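Here's the structure we're looking at; comments come further down.
Both counts, for ligands and for their atoms, begin at 1 and track the order of listing. What you are looking at is a predicted structure, and each value in this text was computed from that prediction instead of being measured.
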Amino acid sequence: MTPIENTEDRYGVVAIMLHWSMALLMIGLAALGLYMVTLPDAGFDTKKITLILYHKELGLLAFVLFALRLSWRVTQVIPKLADHLPEWQMIAARFVHLCFYGLMFALPMSGWLMSSAAGIPVSFLGLFTLPDLIHRNDHLFALFIDIHKWLGYALVPLLALHMGAALRHHIVYKDDTLRKMLP
Ligand code: HEM
Ligand code: HEM
């Protein structure tokens, strides 16, 4: 049985559930974000605005999961990386994980700031409305769109590296890297 908490050799159930639910959300949000901005703005077609609303709600859900994940992670041991790796690959792996934590915070935060600057409040799953972080400001709105966009773009190559490494470990090295993140 998979333990609840991490051990030196594997991730526990809580970390695994948080990892895969957030992986799905972050990949889905990036794909949805990239798609929705290609749709036309105006007219009777409300598809774009509807998708942006879903994107915002799900983006906030990712933010809440991130807060839970970080709180859990600081109480846990971090499983060892595969021990046959050269040192630079171990540093690269930990660096990518750190970048993901940065992005899981900065993407929703820049989205929330962008919405506040646009004067459009953000609702959390339709349950309640979040306070605006800053006053309406067109200049900051444009700035946060840019920041959010480039953070979104940065996620893509990091993800390719991360997924590529996980698959390489599983298929080429046949070690436990992927298995220790599975129940
Ligand atoms: C299908 C896509 C993905 C695969 C196959 C995958 C696979 C893995 C594996 C095997 C590990 C364990 C690495 C080790 O400790 O040796 C891991 C850890 C990690 N992954 Fe992923 N991952 C995916 C998507 C994502 C996404 C989208 C994110 C975040 C945006 C992410 C963030 C992390 C983080 C931060 C860790 C370090 C452990 C932790 O603190 O939770 N992963 N991943
Ligand atoms: C948490 C993960 C999130 C990811 C991975 C993500 C990713 C993206 C991406 C890739 C784009 C397309 C950027 C472009 O090409 O112009 C985008 C656009 C957008 N995102 Fe997010 N986002 C996230 C969270 C949020 C949140 C929490 C909000 C708001 C509360 C938000 C609001 C928006 C808006 C309004 C746009 C459209 C901007 C425009 O009109 O150009 N996002 N997002």
Exercise. State the atoms of ligand 1, each with its element, that fall below the 4.0 Å cut-off from a heavy-atom position in Arg73.
Key: 37 (C), 38 (C), 39 (C), 40 (O)
Quiz item: Can you list the ligand 1 atoms lying under 4.0 Å from a non-hydrogen atom of Leu159?
Solution: 26 (C), 27 (C)
Quiz item: Does some non-hydrogen atom of Met36 fall short of 4.0 Å from ligand 2?
Solution: yes
Exercise. Go through ligand 2 atom by atom and flag the ones less than 4.0 Å from a non-hydrogen atom of Leu107.
Key: 2 (C), 3 (C), 4 (C), 5 (C), 6 (C)
Self-check item: His148 NE2 and His55 NE2 subtending at atom 21 (Fe) of ligand 2 (10° steps)
Solution: 170°
Quiz item: So which heavy atom in the protein is nearest atom 5 (C) of ligand 1, and how far is it from that ligand atom?
Solution: Trp20 CH2, 3.6 Å
Exercise. Check whether any heavy atom of Met22 sits under 4.0 Å from an atom of ligand 1.
Key: no
Practice problem: May I ask you to identify the nearest protein heavy atom to atom 14 (C) of ligand 1, giving residue, atom name and distance to one decimal place in Å? | Solution: Lys180 CE, 3.5 Å
Quiz item: Which atoms of ligand 2 are found less than 4.0 Å from any heavy atom of Gly111?
Solution: 26 (C), 28 (C), 29 (C), 30 (C), 31 (C)
Quiz item: Atoms of ligand 1 less than 4.0 Å from Leu81 heavy atoms?
Solution: 14 (C), 15 (O), 16 (O)
Quiz prompt | Proximity flag Arg69 to ligand 1, non-hydrogen atoms under 4.0 Å | solution = yes
Quiz item: Just which atoms of ligand 1 are under 4.0 Å from any heavy atom in Tyr101?
Solution: 35 (C), 39 (C), 40 (O), 41 (O)
Quiz prompt | Close-contact set for ligand 2 against Ala30 heavy atoms, below 4.0 Å | solution = 5 (C), 10 (C)
Quiz item: With a 4.0 Å cut-off on heavy atoms, does Tyr153 reach ligand 2?
Solution: yes
Quiz item: For ligand 1, which atoms have a heavy atom of Thr177 less than 4.0 angstrom away?
Solution: 10 (C), 16 (O)
Self-check item: atom 15 (O) of ligand 1: nearest protein contact (heavy atom, Å)
Solution: Tyr11 OH, 2.7 Å
Quiz item: Under 4.0 Å from any heavy atom of Leu178, which atoms of ligand 1 are there?
Solution: 10 (C)
Quiz item: Is it true that His170 lies under 4.0 Å from ligand 1, counting heavy atoms only?
Solution: no
Self-check item: Polar proximity ligand 1 side, Arg94 side, N/O cut 3.5 Å exclusive
Solution: no
Exercise. Answer yes or no: does atom NE2 of His84 have more than 12 heavy-atom neighbours from other residues, nucleotides or ligands under 6.0 Å?
Key: yes
Quiz item: Which residue holds the protein heavy atom closest to atom 23 (C) of ligand 1, what is that atom called, and what is the gap in Å?
Solution: His162 CD2, 3.4 Å
Exercise. Tell me which protein heavy atom sits closest to atom 30 (C) of ligand 1, plus the residue, atom name and distance to 0.1 Å.
Key: Phe100 CD2, 3.5 Å
